[in-house]
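Data first, discussion second: the structure below is written as structure tokens.
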2 protein chains.
Amino acid sequence: MNRMTRSADANAGARRGRPPKGASQLSRDAIVDATLEVIDTGGVTAVSMRSVARVLGVDAKSLYNHVDGKDGLLDAVAEHLLGGVFIPPATGDLRIDLPAIADAFRDRALLHPEAAPLVLTRQLASIEGLAPVEALLGALRSAGCPTEESVQLMRILVASLIGTLLREAQAGPTLGISDTGGIAARQKTLEDSGLPHVIEAAPHLARFDRDAEYEYAVQAATALVLDRIRASHGG
Amino acid sequence: MNRMTRSADANAGARRGRPPKGASQLSRDAIVDATLEVIDTGGVTAVSMRSVARVLGVDAKSLYNHVDGKDGLLDAVAEHLLGGVFIPPATGDLRIDLPAIADAFRDRALLHPEAAPLVLTRQLASIEGLAPVEALLGALRSAGCPTEESVQLMRILVASLIGTLLREAQAGPTLGISDTGGIAARQKTLEDSGLPHVIEAAPHLARFDRDAEYEYAVQAATALVLDRIRASHGG
DNA sequence: CCACTATATCCACGGCGTGGATTTAATCAA
DNA sequence: TTGATTAAATCCACGCCGTGGATATAGTGG
């Protein structure tokens, strides 16, 4: 499962100049892959020019030939993930198409859970990652929603999707199994807050079902859009 | 506008032991204030134990007596901001109370724009910052919404508010004045995307009116809640 | 008065991002 | 073919960073 195994590791006293033709070239893609490996292992905070270079068996400064510093590296990772969102063909039914777009985005964003904050919070200037926007606009427009309102609705949908996924990603690798100890502790904390409605709702607040929350949010957002469209051009 | 001006600056060869009674004691609040100063000046990335200590005219390790490392420092800042959310008394009308809660949260989150990501993305285990949750639950419950559904709706509201404010904060200090050059450039980029609906909507996508987007999002979220409640216990 | 604890500084270590110099190989112009 | 240019790599070094550990000073409780 190594990278192309340039040398053993840690890059001890390697060749000095540009690598000969046949030799394995460092590439932007390989760098992004290595970075994702680091992220999966130790989280985003474990990413450093040096740690990524170490995975590749390469000098840190070599990365600069393919990527624009650490920030550019993280941008590249976000773009790579966002660019890989696969949205199924539209059916023309918003009740199907909106959830499908959201699902595609979610799948990609949570593929590498530790990398989710990157995907969800980086604002990239690039063209990559526009596919979901295009798909959402297409779905809304073909449902009869005028252009400007489509943009507004699209923004709301994206914002609440991002908010929902951010929470899901931050909830950690809690798989909902035998986390009951954590739940009980959380509930106790909430009950100690002294806030009446928080106390009343503590059992529900302490619990967290990733899929159920996501489904509920998507369903609500879809209903919102349908209402808006009905009210706008139907009434 | 200095901190209490312990020494001139950079803390050159200061006293060595515990400060005498009358002398200015370092405090958690002073540290949080200094951190916000650093954030306002240079963004979250400019925060370091050393930079904050420099502002206070103090050794970096002194901060550890009041704050649990750098992560604890940032948590303290987030808690401080979240704890200061002031929510006006409820009127009983969701159409007024929900926007009021959102406004209070927004005001506080954008008070220090560079610190917004902290407030919006940190998950804090503490009791602080539960006020908005309490207020939202109270508003929903007193509108007749059952406990569990109130929790679900509250989560949706929080998620979309966070998503919206995150976008607003990331949009940078664009004050909407004479940014037309940037708008035009953004529109050009979008038109080069090759995506038909993006191209069609480019003029709207390129533009960004902070307040208008926020108002629209809050209004939509409020409408969503009203519909849900009507459908649920009214129908 | 003495032990203990709280609060401060100083020192030091290993890791970080990256500017700059150097080395090697590929590529292109003549 | 040959020489200049460019691309891709390593090495070196600087000034930051978080923080572990030692030390010093002052308050505090028996």
Side-chain angles (χ1 to χ4, degrees), chain A residues 3-31 34-35 38-39 41-77, chain B residues 3-31 34-35 38-39 41-77:
Chain A
R3 199 80 6 228
M4 301 190 183
T5 319
R6 181 174 310 258
S7 75
D9 59 11
N11 183 28
R15 275 190 37 76
R16 195 95 190 305
R18 174 176 183 163
K21 188 72 166 297
S24 73
Q25 285 265 129
L26 197 50
S27 75
R28 194 177 165 93
D29 279 351
I31 292 175
T35 308
V38 171
I39 291 176
T41 304
V44 182
T45 61
V47 173
S48 74
M49 291 292 155
R50 290 164 145 104
S51 65
V52 171
R54 219 174 290 130
V55 168
L56 291 163
V58 143
D59 186 272
K61 291 305 288 296
S62 301
L63 306 183
Y64 284 76
N65 291 320
H66 305 271
V67 133
D68 187 18
K70 181 177 182 178
D71 233 54
L73 172 62
L74 295 177
D75 279 345
V77 171
Chain B
R3 200 73 13 225
M4 302 190 183
T5 319
R6 180 174 311 258
S7 76
D9 61 10
N11 183 28
R15 277 190 36 77
R16 193 99 189 304
R18 174 176 182 162
K21 188 73 167 297
S24 72
Q25 286 264 129
L26 197 49
S27 75
R28 194 177 165 91
D29 277 351
I31 292 175
T35 308
V38 171
I39 291 176
T41 305
V44 182
T45 61
V47 174
S48 74
M49 292 293 153
R50 290 164 146 104
S51 67
V52 171
R54 219 173 292 131
V55 168
L56 291 163
V58 142
D59 186 271
K61 293 304 287 297
S62 301
L63 307 183
Y64 283 79
N65 289 320
H66 306 269
V67 133
D68 186 18
K70 180 176 182 177
D71 234 52
L73 172 61
L74 295 177
D75 279 345
V77 171

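So that the names make sense, note that chain A is the first sequence line, chain B the second, and so on, each numbered from 1. Predicted, not measured: the structure shown is a model, and the values here were computed from it.
Look at His66(B) and you'll find a side-chain N or O under 4.0 angstrom from OP1 or OP2 of dA8(C). Regarding contacts with the backbone of dG15(C), every side-chain N or O of Arg54(A) stays at 4.0 angstrom or more from both OP1 and OP2. Of the side-chain N and O atoms in Ser48(B), none sit less than 4.0 angstrom from OP1 or OP2 of dC16(D).
Ranking dC17(D), dG17(C), dT19(D) by closeness to the Met49(A) side chain, first place goes to dG17(C).
Taken from CG in Leu73(B) to CZ in Arg28(B), the straight-line distance is 9.0 Å, to the nearest 0.5 Å. Distance check: Ile39(B) CD1 to Leu74(B) CG gives 6.5 Å after rounding to the nearest 0.5 Å.
The distance from atom NZ of Lys70(A) to atom C1' of dC17(D) is 11 Å, rounded to the nearest whole Å. The nearest whole Å value for the distance from the CG atom in Leu63(A) to the C1' atom in dA7(D) is 16 Å. In this structure, the CG atom of Asp68(B) is 14 Å from the P atom of dG18(D), given to the nearest Å. In this structure, Leu74(B) places its CG atom 14 Å from P of dC17(D), rounding to the nearest Å. Rounding to whole angstrom units, CD of residue Gln25(B) and P of dA26(D) are separated by 13 Å.
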For residues 42-51 of chain A, tabulate all N or O donor-acceptor pairs below 3.5 Å that involve a side-chain atom, not counting sequence neighbours.
{"unit_1": "Ser48(A)", "atom_1": "OG", "unit_2": "Arg50(A)", "atom_2": "N", "d": "3.4"}
{"unit_1": "Ser48(A)", "atom_1": "OG", "unit_2": "Ser51(A)", "atom_2": "N", "d": "2.8"}
{"unit_1": "Ser48(A)", "atom_1": "OG", "unit_2": "Ser51(A)", "atom_2": "OG", "d": "3.2"}
{"unit_1": "Ser51(A)", "atom_1": "OG", "unit_2": "Ala46(A)", "atom_2": "O", "d": "2.9"}
{"unit_1": "Ser51(A)", "atom_1": "OG", "unit_2": "Ser48(A)", "atom_2": "N", "d": "2.8"}
{"unit_1": "Ser51(A)", "atom_1": "OG", "unit_2": "Ser48(A)", "atom_2": "O", "d": "3.0"}

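For the salt bridge (charged side-chain N to carboxylate O under 4.0 Å, His left out) test, no residue two or more places apart in sequence or in another chain qualifies with Asp68(B).
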Between N or O atoms, less than 3.5 Å apart, protein on one side and nucleotides 12-15 of chain D on the other: list the pairs.
none

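A heavy-atom distance below 4.5 Å is found between the side chains of Leu26(B) and Leu63(B).
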